[in-house]
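Worth saying up front: this structure is predicted, and the values here are computed from it rather than measured.
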Amino acid sequence: MDNMTALVSCFARAYHYRNSNLPVFADHIAEKMLTAEEYDAISLNMKQGIQYFAPDFHGTQEEVL
């Protein structure tokens with residue numbers, strides 16, 4: 001995949017499927033569409049960029065996601 005919007009959307013669906021206690025949907029394909037490197041890079045970038053998008057955020061790294 002080359003499109004960043006598609007990659008981030010795919011990550012969000014995969015993360016939700018893997019981690020949600022109350023899932024809205026079950027997308028078992030999304031994670032398979034990303035490489036492990038893409039998944040990890042998007043996760044890290046979201047965690048590191050939270051202060052830009054939410055300067056008042058004071059939660060954990062997992063809460064960022």
Side-chain angles (χ1 to χ4, degrees):
M1 268 189 235
D2 293 343
N3 185 300
M4 185 55 66
T5 301
L7 289 170
V8 172
S9 178
C10 201
F11 170 83
R13 295 179 70 90
Y15 186 87
H16 174 76
Y17 177 69
R18 182 194 280 186
N19 298 287
S20 180
N21 293 328
L22 299 170
V24 175
F25 54 82
D27 187 343
H28 61 279
I29 302 295
E31 190 169 0
K32 295 175 184 176
M33 296 176 72
L34 296 170
T35 66
E37 292 80 18
E38 289 169 330
Y39 187 93
D40 292 342
I42 292 168
S43 176
L44 181 62
N45 284 326
M46 292 179 102
K47 291 173 184 177
Q48 291 178 340
I50 191 62
Q51 291 304 311
Y52 176 80
F53 294 104
D56 296 329
F57 179 81
H58 297 291
T60 67
Q61 291 289 294
E62 287 308 308
E63 290 173 323
V64 169
L65 301 177

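- The stretch residues 48-65 participates, sequence neighbours left out, in these salt bridge (Lys or Arg N to Asp or Glu O under 4.0 Å) pairs: Lys47-Glu62.
- Here ring-ring contact (aromatic ring centres under 6.0 Å, His included) pairs that include residues 32-65, with residues two or more places apart or in two chains, are Phe11-Tyr39.
- The other residues sharing a hydrophobic cluster with Val24 are Phe25, where clustering joins ILVMFWY side chains under 4.5 Å apart.
- Residues that satisfy the side-chain hydrogen bond (donor to acceptor under 3.5 Å, both in side chains) test with Gln48, not counting sequence neighbours, are absent from this structure.
- Val8 approaches Ile42 most closely through the heavy-atom pair N-CD1, 4.2 Å.
- In this structure, CG in Leu34 is found 12.0 Å from CD1 in Ile29, a value given to the nearest 0.5 Å.
- Considering every non-hydrogen atom in both Ala30 and Cys10, the closest pair reads O-SG, 3.0 Å.
- Nearest heavy-atom pair across Met46 and Val64 is O-CG1, 3.5 Å.
- Legend: salt bridge (Lys or Arg N to Asp or Glu O under 4.0 Å) pairs involving residues 8-35, not counting sequence neighbours, sorted by first then second residue: Arg13-Asp27, Arg18-Glu31.
- Tracing side-chain contacts under 4.5 Å through hydrophobic residues (I, L, V, M, F, W, Y), one reaches Leu65 starting from Leu7; they form part of the same cluster.
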